[in-house]
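Throughout, a chain's letter reflects where its sequence line sits, starting with A, and its residues are numbered from 1.
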Amino acid sequence: MATKTTTRAALFAEMAELRKRLVESEEIFRAIRAGEVDALIVDGAEGQRIFTLQGVDSESNRFRGEILAQVGDAVCAVDLDHRITFYNAAAESLYGLNAAEVMGRYLTELYDCRSSSLDHATPRESGRSRTEYTIRTRDGRELQVESNETSLRDKAGRLIGMLSVTRDITDRKQAETALRESEKQLRSFTGQLEELVKVRTVELMESQARLRGLAKELNLAEQYERKRLAGELHDYLAQLLVLCRLNLGQVKRMGLPGKTNEIVKETEEVLNQALQYSRTLMAELSPSVLLEHGLPAGLTWLGEQMQRRGLMVTVDVATGADWWLPEDRAILLFQSVRELLMNVLKHAGSKEATVRLEQGGGKLQITVRDDGVGFHCAALVAVSSNTAMSSKLGLLSIRERMMSLGGWFDLQSVPEQGTMATLVLPLANLGGRDGQTKGEEYEVSLSSAVPHSPASRVLRSTAIRVLLVDDHAMVRQGLRSVLESYPDVESAPMPAARTLG
Amino acid sequence: MKLREFPAKRKSAKAACVFDLRLYVAGQTEKSVMALANLKRICEAHLAGQYRIEIIDLVRAPQLAAVDQIFALPTLVRRLPEPIKKIIGDLSNEERVLVGLEVQRVRG
């Protein structure tokens, strides 16, 4: 009986188990029919295997799922309640949470949004959107992200969620910020540099202007010094020599013994040479012909001087022009031409040179040309010998002095084809002649009479009266002593006047 | 394979939990994801502080299917309170879930 009872109990239990399994099986079938399950477990020789149940379009869905799983950007899908329904590997590394942790959880649990509300994570009825925002992940990283959101719809077109594709743009943003910063710095540096260049340029121009001013002053100082030396020579040395010669003439007239007379004659010859030399020196230092008769005459005189040194100079002056120039400019041009002619003499190997003086377009132009050996202009920069260096400095000096007067200097030369130097001086703002102090006239006037002087008319019948006019008392005294040896001549000084006009 | 227990932060809730639930899923299939989302929502709404969910992904560990004799996925197993109960499907019908888990009877 016990066995029978046990058997009955076992049967009831077995029936209950079978009913339970039946209910479960019916539940499984119901769930399958209702589409609530999408995977089945099948026992096989290799153990349990899982088969997923998918529709006819499952293959493309599977591919899409795999593609989304593999893409480099974080892909995350949420349903209408913001619960996560898809989450790929890139999302795991971006948010620092694995898929198993976040599936079914709210999107807001992934991170704190720092810079905007979660509007961007709300499924929308229409379209796509792209947003940039800052998040703080659960492991404490602050990231700037760019997210593209797309609405998800079922086959019937109903909104069922949202798909977001998110990319970490922190590095890019930092790089952009750094780039903006460096561009800003660069602009600032460029501005500072431009300002500095501007300041330096102004300083340089001022310094050049000062240098040119100094060159001009140096030139004027040189002129002044030359003139002063010429004046010293004329006023003292030359006068002394003249006086000596006059005295010697008086001695000669006294009738000297033969030998002494010979010595006096020789001395007179030496005195003549000394006087001639002092006059040449005076002309070299401050050519009176230039100061008294202008630049064309000065250049002609210079040509004659050069001819004595062995250089045939043709001076060609354009006709019909007014060649008046302020003294400093005339002297500067004269000296520059002399320097250029000296260069021809020393370096060109030519016996001839041409100086052309012309005007046009408000400018005065002097061209000095030779048909000598010429040179490479570039080679002039590199010269090192003393002679050539001296010439180079001379040319440099000409250029600076011309520029200080607002003009310019140009030098053109080709080996074996001669050299042409051009000096150009603007004629505007030269000032008037009235302001010009004419050079002092150094002149010894030996006048037998002043025709319209009343005194001369009174004295004409009785004696020869000589009016001594000279700006040096020493010369007047010497002449007076000479004239005193003539009984019919009466000399009279004229201290108030220096020259007779 | 045990993946995660919900609610994760409530350590003390483990001792006090009444419902010990185990959700078997097949990776991230649509129904699996939906089932998890539905389960969490229902539990938070009706069993707050009284439940524990253990998720088992049979794609990663298919042999665990034998433990609770699972044939279709997703499947929710109520391990506690006894007796063991199973609810098959994506748990989209909240009423059916609450009846299946016998929430009213257990609380009552």
Look up atom [atom1] in [X] and atom [atom2] in [Y], then write down how far apart they are to the nearest 0.5 Å.
X: B:Gln28; Y: A:Tyr87; atom1: CD; atom2: OH; answer: 10.0 Å
X: A:Gln48; Y: B:Phe71; atom1: CD; atom2: CZ; answer: 9.0 Å
X: A:Ile41; Y: B:Leu58; atom1: CD1; atom2: CG; answer: 4.5 Å
X: B:Met34; Y: A:Ile160; atom1: CE; atom2: CD1; answer: 7.5 Å
X: A:Ile50; Y: B:Asp57; atom1: CD1; atom2: CG; answer: 7.0 Å

So which atom in [X] and which in [Y] form the shortest heavy-atom distance, rounded to 0.1 Å?
X: A:Ala31; Y: B:Ile88; value: CB-CG2, 3.7 Å
X: B:Lys31; Y: A:Asp38; value: N-OD2, 2.9 Å
X: B:Ser92; Y: A:Glu36; value: OG-OE2, 4.2 Å

Under 4.5 Å from any heavy atom of chain B, what part of [X] do you find: side chain, backbone, both or neither?
X: A:Ile32; result: neither
X: A:Arg30; result: side chain
X: A:Leu40; result: both

Taking ring-ring contact (aromatic ring centres under 6.0 Å, His included) as the test, write out the residues that go with B:Tyr24, two or more places apart.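 Partners of B:Tyr24 under the ring-ring contact (aromatic ring centres under 6.0 Å, His included) test: none.
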List the steps, then state whether salt bridge (charged side-chain N to carboxylate O under 4.0 Å, His left out) holds for B:Lys86 with A:Glu24. CA-CA 8 Å; B:Lys86 287 182 188 171; A:Glu24 193 178 318; 3.0 Å; yes
When you look at [atom1] of [X], are more than 12 heavy atoms from neighbouring residues, nucleotides or ligands closer to it than 6.0 Å?
X: A:Gln144; atom1: CD; result: yes
X: A:Phe51; atom1: CZ; result: yes
X: A:Arg172; atom1: CZ; result: yes
X: A:Arg167; atom1: CZ; result: no
X: B:Gln63; atom1: CD; result: yes

Please classify the contact between B:Ala66 and chain A as side chain, backbone, both or neither, with a heavy-atom cut-off of under 4.5 Å.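 Both parts, heavy atoms under 4.5 Å.
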Does any backbone or side-chain atom of B:Thr75 lie under 4.5 Å from a heavy atom of chain A? Answer side chain, backbone, both or neither.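 For B:Thr75, no heavy atom lies under 4.5 Å from chain A.
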Using a 4.5 angstrom heavy-atom cutoff, name the option from B:Ser32, B:Gly27, B:Ala26, B:Ala37 with the most pairs to chain A.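 Counting heavy-atom pairs under 4.5 Å, the top option is B:Ala37.
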